[in-house]
Amino acid sequence: MENKTLDLSKSVYDLVQQAPEVADIMVELGFSEITKKAMLHSVGRMMTLPKGSEMKGIPMDKIVDAFRQHGFDVTGLSRISRDSGNSVISENPSRTEQLKGYLRRLGEGEDLDSVRADFVAHFSEVDASEIMEAEQSLLRDGTPLEEVQRLCDVHSALFHGSTCGESAAAHEGGNKFVAAMLAGIVGHPLHTFSRENEAIAPLIASTRQALADGRDAFDAFVRLREVSIHYAKKGDLLYPLLKTRYNIIGPQEVMWTVDDEIRDVMGQLEKEPLRDAHWRLRADAVLQRAEEMVYKEQNILFPICAEHFSDEEWQGIYRDSKDYAPCLGVENLEWAGITPKSEPQTQNSNEIVMPGGHLTVEQLTAMLNTIPLEISFVDADNINRYFNEGPKVFKRPGMAIDREVFSCHPPKIEPMVRSIIDSFRSGKASVVPVWMEKGGRTMLVQYMAVRDASGTYLGTLEIVQDMEFAREHFLGK
């Protein structure tokens with residue numbers, strides 16, 4: 001790039017390949033992720049500087065000025081609009097309005113084939129982010145959320161065969177197809193999500209065919225309810241991150257609701273004893289919605305996530321996904337690119353930092369006192385280290401702290417306490433529950449071994465819980 005021309009319509013990856021100093025200038029501006037080779041070769045292939053400006057909240061005029069100061073001739077400024085002092089580039093503002101027009105026509109009841117014919121005539125392909133922006137713009141314009149949710153499946157049907165992810169270029173490493181690239185990395189969350197869809201889709205198809213043929217499809221239908229695991233992972237790991245970190249509300253407000261509706265209807269159908277023709281029609285309808293959701297994930301949701309999520313965020317999703325059961329037998333595979341989890345950072349010296357987060361001593365104390373349990377902890381040397389505060393059925397005097405636990409029990413109970421702790425220390429047991437009546441109320445006392453990640457015994461936790469609420473709930477007494 002001898003004349004140092006910076007074309008803002010090109011991807012960050014292309015710009016850095018042409019002029020490596022672009023990366024250094026981006027770091028100065030605040031785009032620190034560009035230093036990660038994996039990010040440059042994945043997200044960088046589809047990210048432009050205008051998109052980065054919007055994501056990072058860095059004014060576009062500041063970016064342009066920085067490159068001009070380094071001797072670049074900046075081109076590709078198709079349109080600059082001012083919003084609260086920030087410059088934002090819109091590469092083709094009319095496309096969103098065109099897409100909204102098609103969606104509005106569907107909402108007004110126009111036939112899908114008619115709208116699709118016009119869409120195909122004007123759009124050779126459409127990016128997942130454009131579809132999501134059109135739906136979000138409808139919501140901002142005042143279209144009721146229920147209306148967008150109701151037409152969610154029809155919307156995706158409009159774009160079948162036209163999303164960038166479905167084109168042949170998706171397999172050629174183009175800069176718009178990061179999702180396909182990430183899905184090809186063994187163990188990556190998108191690899192697992194896609195493998196789950198590869199198990200879900202054919203099972204839906206065979207079950208729908210069985211329903212159409214009048215064959216018994218109940219067992220397959222019940223097995224398909226494992227799609228709830230897949231939906232739960234999306235709901236916990238993808239949708240909230242898109243909304244809170246990137247202000248992308250479409251999946252949160254539309255797709256998540258559809259997931260819940262599919263899951264709820266499938267649960268209702270499973271419980272119904274009469275599986276007549278009406279049942280089969282309802283079953284086919286909900287399976288068709290689940291089938292449509294597979295399409296929306298692969299061609300809209302996953303590309304949106306791939307465009308925005310950082311490598312660090314994907315690694316967090318990978319770690320958290322291990323808490324979920326396999327969906328249709330699809331196990332989480334090891335991701336070779338995972339890095340050791342960093343410790344939570346805090347600037348407050350009064351905070352206690354833990355793998356699950358950080359709390360001040362005041363917050364932690366109040367939280368433990370709020371839990372409706374009597375909590376006691378005895379360390380590996382059999383010394384009382386902690387009792388939570390508040391009224392207790394089994395009294396715990398403060399003076400007992402730092403005393404040997406056995407000194408707090410009468411002689412006839414001490415052998416049992418020693419036996420329980422010995423079984424924890426040796427590894428023979430991990431939990432010992434004891435049910436009893438105390439003051440006319442049913443109580444559950446649980447003794448639990450506390451061990452670190454390597455299995456080393458750290459102490460014993462005792463939890464006392466008043467179970468009368470359960471008696472009242474289940475027995476009505």
Side-chain angles (χ1 to χ4, degrees), residues 38-39 41-43 45-46 125 127-129 131-132 156 159-207 223-239 241-242 248 251 255-256 258-259 262-263 287 289-311 313-338:
M39 291 295 290
H41 285 260
S42 57
V43 177
R45 289 181 178 273
M46 69 177 300
E125 64 179 25
D127 191 78
S129 60
I131 300 172
M132 203 68 72
S156 66
F159 305 115
H160 273 218
S162 300
T163 62
C164 292
E166 293 173 279
S167 67
H171 303 288
E172 298 172 1
N175 63 357
K176 293 185 178 180
F177 310 109
V178 178
M181 296 164 57
L182 296 182
I185 300 174
V186 174
H188 189 282
L190 280 189
H191 179 255
T192 304
F193 274 119
S194 297
R195 287 170 54 233
E196 288 172 351
N197 275 339
E198 289 171 1
I200 292 168
L203 185 55
I204 289 176
S206 61
T207 306
R223 185 161 183 252
L224 263 172
R225 285 207 60 206
E226 288 190 27
V227 74
S228 297
I229 301 170
H230 181 83
Y231 291 170
K233 288 201 296 183
K234 286 194 298 173
D236 294 341
L237 307 178
L238 302 185
Y239 297 146
L241 184 58
L242 283 172
I248 296 176
M255 296 178 72
W256 201 348
V258 174
D259 289 344
I262 293 171
R263 183 187 59 202
L287 291 179
R289 297 192 76 188
E291 191 171 58
E292 197 65 39
M293 184 56 71
V294 172
Y295 171 86
K296 285 182 282 192
E297 289 176 11
Q298 294 295 139
N299 297 288
I300 301 176
L301 176 63
F302 296 164
I304 288 289
C305 293
E307 177 183 353
H308 291 86
F309 292 173
S310 68
D311 187 59
E313 288 165 342
W314 280 124
Q315 295 203 28
I317 292 169
Y318 168 81
R319 294 187 184 96
D320 288 340
S321 66
K322 292 188 175 184
D323 293 335
Y324 297 81
C327 174
L328 296 176
V330 177
E331 299 277 356
N332 281 326
L333 301 178
E334 289 299 315
W335 180 11
I338 200 73

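Small disclaimer: the values here were computed from a predicted structure and weren't measured.
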If you look only at distance, which donor and acceptor atoms sit under 3.5 Å apart when one is on a side chain in residues 179-194 and the other is two or more places apart or in another chain?
from	atom 1	to	atom 2	distance (Å)
His188	ND1	Leu190	N	3.0
His191	ND1	Gly187	N	3.3
Ser194	OG	Leu190	O	2.8

Atom NZ in Lys234, atom CH2 in Trp256: separation rounded to 0.5 Å?
11.0 Å
Ignoring hydrogens and angles, tell me if any N or O in the side chain of Asn197 forms a donor-acceptor pair with the backbone of Gln298 under 3.5 Å.
no
Of the non-hydrogen atoms in Arg263 and Arg225, which two are nearest, and what is the gap between them?
O-NH2, 4.3 Å
Measure the CD1-OH distance between Ile262 and Tyr231 for me, rounded to the nearest 0.5 Å.
3.5 Å
Report the distance from atom CG of Leu241 to atom NE2 of His308, rounding to the nearest 0.5 Å.
10.5 Å
Strictly distance-based, threshold 3.5 Å: is any side-chain N or O of Tyr318 a donor or acceptor partner for the main-chain N or O of Ile338?
no
Under a 4.5 Å cut-off applied to non-hydrogen side-chain atoms, are Leu328 and Leu203 in contact?
yes
Within this structure, what is the CG-CD distance for the pair Leu242 and Glu307, rounded to the nearest 0.5 Å?
10.0 Å
Inter-residue atom distance Asp259.CG - Arg289.CZ, 0.5 Å rounding:
9.5 Å
Shortest non-hydrogen pair, Glu297 vs Met255, comes out as N-CE, 4.4 Å
Taking the side chain as every heavy atom from C-beta outward, state whether Pro303 and Asn299 have any pair of such atoms under 4.5 Å apart.
no
Is there a side-chain contact between Leu333 and Arg195, using heavy atoms and a 4.5 Å cut-off?
yes
Ile200 to Leu224 - nearest heavy-atom pair and separation:
O-CD2, 4.2 Å
Could you tell me if the side chain of Leu238 sits less than 4.5 Å from the side chain of Phe302, heavy atoms only?
yes
Excluding sequence neighbours, so at least two apart, what forms salt bridge (Lys or Arg N to Asp or Glu O under 4.0 Å) with Glu226?
none
Heavy-atom closest contact (Ile229 atom, Pro326 atom, distance):
CD1-O, 3.4 Å
Spatial distance of atom CZ (Phe309) from atom CD (Gln315) [nearest 0.5 Å]:
14.0 Å
